[in-house]
Amino acid sequence: MMEKNRDTSGYFPMFFNIEGRKILIVGAGHIALRRVDTLLSFGAVLTVAAPVWEENIGKYEEQGRLTLLKDTYTPDLIESDYFMVIAATDNSDLNSAICREGKRRGILVNNASDKSQCDFYFPAIVRQGDVIAGVCAGGKDHRLVRRAAAGMRDWLKKFMEEDGRTI
């Protein structure tokens, strides 16, 4: 038996190909918009469900980049073919209910208001050319993550330029 000599309760960093994968985001405020921006940049097929939404989410719908369900959440919105469900409303009880339903259906879930209910965290994305890195502090220190990601972006840009790679 292997001896436990450090904390192993952290989340394993993993990269998924989400191009063409269906993802449901319930809520359409500031946090949801950040998730939308990131997920669209990786080719996800997004459905956003909310009675009101950020202006840019409406623009994405007009451009055909996502489907906007202009309604309140009901459990039947979560279909079994979703790869992941993101609960990003301003109601923590509703976010918990969304996560419970997603988990019941065997779907990866993320609750923007309660990290203990998340199957995964959203990292800060550092991207230069083909190099992609995610920065995460286990949902504990968002300021530290922003600073670390900014430093990594600066370093990676400089590294790529020194290596003669175009960005």
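- One hydrophobic cluster, built from ILVMFWY side chains closer than 4.5 Å, cannot hold both Ile86 and Val45; they sit in different ones.
- In this structure, the ring-ring contact (aromatic ring centres under 6.0 Å, His included) partners of Phe122, at least two apart in sequence or on a different chain, are Phe120.
- In terms of modelled atom types and a separation under 3.5 Å, the side chain of Arg21 and the main chain of Phe16 share no donor-acceptor contact.
- Within the 4.5 Å cutoff, the side chain of Leu69 has heavy atoms near those of the Thr47 side chain.
- With contacts defined as side-chain heavy-atom distances shorter than 4.5 Å, the pair Tyr73/Glu101 qualifies.
- Enclosure of atom CZ in Arg34 by more than 12 non-hydrogen atoms of other residues, nucleotides or ligands within 6.0 angstrom is indicated.
- Screening Leu33, Thr38, Ile31, Asp37 against Arg35 for a side-chain contact (heavy atoms from CB on, under 4.5 Å) leaves a single residue, Ile31.
- Residues Asn95 and Ala88 share a closest heavy-atom pair of OD1-N, 3.7 Å.
- Inspection of the Asn91 and Thr89 side chains reveals no N or O donor paired with an N or O acceptor under 3.5 Å.
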Inset, instruction - Determine, step by step, whether Tyr60 and Gln63 satisfy the side-chain contact (heavy atoms from CB on, under 4.5 Å) criterion, reporting the C-alpha distance in whole Å, the side-chain angles of both residues, the deciding distance to 0.1 Å, and the verdict. - result: CA-CA 5 Å; Tyr60 286 141; Gln63 297 166 357; 3.7 Å; yes

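- Residues Ile132 and Val126 have side chains not in contact (no heavy-atom distance under 4.5 Å, counting atoms from C-beta outward).
- One hydrophobic cluster, built from ILVMFWY side chains closer than 4.5 Å, cannot hold both Leu77 and Leu66; they sit in different ones.
- Taking NZ of Lys59 as the start and CD of Glu55 as the end, the distance is 4.0 Å to the nearest 0.5 Å.
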Inset, instruction - Start with the C-alpha gap between Val135 and Leu144, add the side-chain angles, then the distance that decides, and say whether side-chain contact (heavy atoms from CB on, under 4.5 Å) holds. - result: CA-CA 10 Å; Val135 181; Leu144 174 63; over 6 Å; no

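- One distance of note links NZ of Lys157 with CD of Glu162; it measures 12.5 Å at 0.5 Å rounding.
- Closest non-hydrogen pair, Gln117 versus Val109, comes out as O-CG2, 3.5 Å.
- Separating the OG atom in Ser96 from the CG atom in Asp114 is a distance of 5.5 Å, to the nearest 0.5 Å.
- Arg105 places a side-chain N or O within 3.5 Å of a backbone atom of Ile78 that can act as its donor or acceptor partner.
- Within a 6.0 Å radius of CG in Asp81, other residues, nucleotides and ligands contribute more than 12 heavy atoms.
- Side-chain contact check for Asn110 versus Asp119: every heavy-atom pair is 4.5 Å or farther apart.
- When the ring-ring contact (aromatic ring centres under 6.0 Å, His included) test is applied to Phe42, no partner is found at least two apart in sequence or on another chain.
- Note: Asp90 CG to His30 NE2 = 13.5 Å, rounded to the nearest 0.5 Å.
- The shortest distance between side-chain heavy atoms of Ile23 and Val85 does not fall below 4.5 Å.
- Hydrophobic clustering keeps Val145 apart from Phe12 (ILVMFWY residues linked when any side-chain heavy atoms are closer than 4.5 Å, directly or through intermediates).
- The shortest heavy-atom contact between Phe15 and Gly134 is CZ-N, 4.1 Å.
- Residues Ile107 and Ser80 approach most closely at CD1-CA, 4.2 Å, considering heavy atoms.
- Ser41 contributes atom OG, which lies 7.5 Å from atom CD1 of Ile18 (distance to the nearest 0.5 angstrom).
- Under the 4.5 Å side-chain heavy-atom criterion for ILVMFWY residues, no single connected hydrophobic cluster contains both Leu108 and Val26.
- Contact of the Asn111 side chain with the Ile98 side chain is not registered, since no non-hydrogen atoms from C-beta on lie closer than 4.5 Å.
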Inset, instruction - Please step through side-chain contact (heavy atoms from CB on, under 4.5 Å) for the pair Leu68 and Ile57, ending with a clear verdict. - result: CA-CA 8 Å; Leu68 180 56; Ile57 290 177; 4.1 Å; yes

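- Contact check for Arg104 versus Pro75: no side-chain heavy atoms found under the 4.5 Å cut-off.
- Considering only heavy atoms from C-beta on, Val131 comes within 4.5 Å of Met160 through its side chain.
- For Lys22 and Phe83, the positive end is not near the middle of the six-membered ring at less than 6.0 Å and at most 45° from its axis.
- Side chains of Thr67 and Glu61: no donor on one and acceptor on the other come within 3.5 Å.
- Distance check, rounded to the nearest 0.5 Å: CE of Met152 to CD of Gln128 gives 11.0 Å.
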